[in-house]
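Take a look at the structure below.
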Protein chains: 2
Amino acid sequence: MRDVRRQILEKNREAMHLHGYQGLRADLVVNELGITKGAYYHYFSGKQELAYCILDELIAPEHLQYWGALNQYFGHPIEGIIERLKALRIELKGDYFRLGSELNNLIQEMAPLDEGFRLRLQRILDGIRMAIRGAVERGQKSRLIKAEAEAGEIANFVMCNLLGAFSLAKAFQDRKYFDRSIEHMTEYLRGFKGQ
Amino acid sequence: MRDVRRQILEKNREAMHLHGYQGLRADLVVNELGITKGAYYHYFSGKQELAYCILDELIAPEHLQYWGALNQYFGHPIEGIIERLKALRIELKGDYFRLGSELNNLIQEMAPLDEGFRLRLQRILDGIRMAIRGAVERGQKSRLIKAEAEAGEIANFVMCNLLGAFSLAKAFQDRKYFDRSIEHMTEYLRGFKGQ
DNA sequence: CTTTAAGCATACCTGCTGGTACGAATTATA
DNA sequence: TATAATTCGTACCAGCAGGTATGCTTAAAG
């Protein structure tokens with residue numbers, strides 16, 4: 001039954017989303033699954049490796065695939081980015097906004113403390129940035145986006161706002177702060193459309 | 001010696017900045033000061049109260065005073081906000097960007113877990129927002145800022161970007177991500193100046 | 001059919017975390 | 001000056017987090 005391992009991964013992912021890595025009690029979580037430490041330590045050498053696996057096998061692929069979809073978007077690239085932002089608002093449930101972005105949470109908690117975390121998180125962020133930057137550059141080549149806009153800057157700006165929007169919504173435990181920030185960013189992004 | 005209490009507060013503030021609340025080992029920190037648990041538990045009922053005091057007596061006043069200074073700024077309100085952002089880049093040391101904003105860190109870690117933290121953090125954020133919103137509204141009254149700009153939205157946007165900028169810089173352990181984001185926001189804000 | 005290895009359960013252990021109990025100086029107060 | 005209240009140090013402790021050691025099944029390999 002290979003799926004015991006997957007259960008452990010997914011349940012601990014949820015718990016880590018709520019409590020953070022340091023607050024995560026992995027053995028307690030496996031107990032709730034009706035599984036014991038035997039299975040846990042059979043599949044993972046310890047808590048750190050478990051967390052790395054959650055990042056590598058669950059979180060990273062999801063994020064990269066989500067933003068990688070920009071490459072298959074054939075409308076106006078700016079609208080493509082906006083579509084991805086809007087899709088976030090639809091796909092993510094209310095709890096997710098109260099708990100905050102998994103990515104952002106782990107950055108705040110672990111970036112200065114653990115190099116393994118940091119490198120993994122950076123790789124995900126870089127992937128997202130590349131996807132956005134690529135979209136903007138394609139838009140510039142086809143004259144759909146003003147040439148004077150710097151693609152890297154825009155990508156940076158989008159990510160900055162996205163992380164900030166999650167932070168605000170989490171601080172106030174209310175997704176409307178997320179929605180409002182995304183709305184604002186949407187208006188701003190449309191300003192980059194070429195005349 | 002009332003200043004033992006203050007030493008405990010300040011040293012634990014530093015430690016909490018690095019390790020977070022859950023990762024903070026208050027008694028260990030106290031030891032490094034050459035003080036023992038006796039003093040620690042004399043002044044604070046426990047770890048939670050210690051953290052609340054750090055927020056109430058150190059972090060909150062600093063932030064509110066910092067942004068409250070907008071009320072005493074007599075140039076163009078947009079430039080006032082930009083000045084505050086620029087001052088951050090000057091006053092905060094490199095370590096601060098690697099460790100992240102104390103505010104943002106605590107939001108990420110504690111907002112969904114502890115109501116006491118959440119209320120305190122919200123109050124600080126509200127204070128900052130009010131200061132920014134007030135500045136924008138004054139600018140609109142004196143026709144220095146376009147009337148169609150919604151002051152609350154701008155304040156929200158500034159905070160969103162600020163938090164996001166700290167997150168990015170922390171993720172990459174490099175303050176240039178902060179600087180770049182602030183620079184971008186600066187350009188954007190200037191666009192609100194009335195003609 | 002034997003042997004090996006994978007998958008998992010049980011019991012135990014160690015270090016540390018957060019906290020208490022108590023008492024001794026020191027300082028304030030009557 | 002007697003007394004009370006602060007201010008701190010010392011010693012102890014309960015719980016638990018994270019991890020080991022070990023052994024029992026079941027499945028795969030030869």
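In the text below, chain A, chain B and the rest are named by the order of the sequence lines, each starting its count at 1.
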Would you list the pairs meeting salt bridge (charged side-chain N to carboxylate O under 4.0 Å, His left out) in which at least one residue belongs to residues 68-80 of chain A, sequence neighbours left out?
-> A:E79-A:R190, A:E79-A:K193
Closest of D:dC8, C:dA9, C:dC8 to the B:A39 side chain is D:dC8
Distance-minimising heavy-atom pair for B:N12 and B:I8 = ND2-O, 2.8 Å
To the nearest angstrom, how far is B:I35 atom CD1 from C:dA25 atom P?
-> 20 Å
Across all chains, not counting sequence neighbours, the salt bridge (Lys or Arg N to Asp or Glu O under 4.0 Å) partners of A:E150 are none
Between atom OH in B:Y43 and atom P in C:dG19, what is the gap in whole Å?
-> 19 Å
What's the NE2-P distance between B:H42 and C:dC22, to the nearest Å?
-> 18 Å
Specify the separation, in whole Å, of atom CG of B:D3 and atom P of D:dT6.
-> 19 Å
Which protein N or O atoms sit under 3.5 Å from an N or O of nucleotides 18-27 of chain D?
| from | atom 1 | to | atom 2 | distance (Å) |
| --- | --- | --- | --- | --- |
| D:dG18 | OP1 | A:R25 | NH1 | 3.3 |
| D:dG18 | OP1 | A:K47 | NZ | 2.7 |
| D:dG18 | N7 | A:K37 | NZ | 3.2 |
| D:dG19 | OP2 | A:Y41 | OH | 3.1 |
| D:dG19 | OP2 | A:K47 | N | 3.3 |
| D:dG19 | N7 | A:K37 | NZ | 2.6 |
| D:dG19 | O6 | A:K37 | NZ | 2.4 |

Which pairs pass salt bridge (charged side-chain N to carboxylate O under 4.0 Å, His left out) with one or both residues in residues 22-31 of chain A, sequence neighbours excluded?
-> A:D27-A:K37
Take atom CD of B:E49 and atom C1' of C:dG18, then tell me their distance rounded to the nearest Å.
-> 15 Å
Could you name each residue pair satisfying side chain to side chain donor-acceptor pair (under 3.5 Å) that touches residues 157-175 of chain B, not counting sequence neighbours?
-> A:N104-B:S167, A:Q108-B:S167, A:N161-B:N161, B:N104-B:S167, B:N105-B:K170, B:R175-B:D179
When the distance from CD of A:Q7 to C1' of C:dC8 is rounded to whole Å, what number comes out?
-> 13 Å
Please output the side-chain donor-acceptor pairs of residues 120-131 of chain B that fall under 3.5 Å, not counting sequence neighbours, one pair per line with the distance.
| from | atom 1 | to | atom 2 | distance (Å) |
| --- | --- | --- | --- | --- |
| B:R120 | NE | B:D56 | OD1 | 3.1 |
| B:R120 | NE | B:D56 | OD2 | 3.1 |
| B:R120 | NH1 | B:G116 | O | 3.2 |
| B:R120 | NH2 | B:D56 | OD2 | 3.4 |
| B:Q122 | NE2 | A:A171 | O | 3.0 |
| B:D126 | OD1 | B:R129 | NH2 | 2.4 |

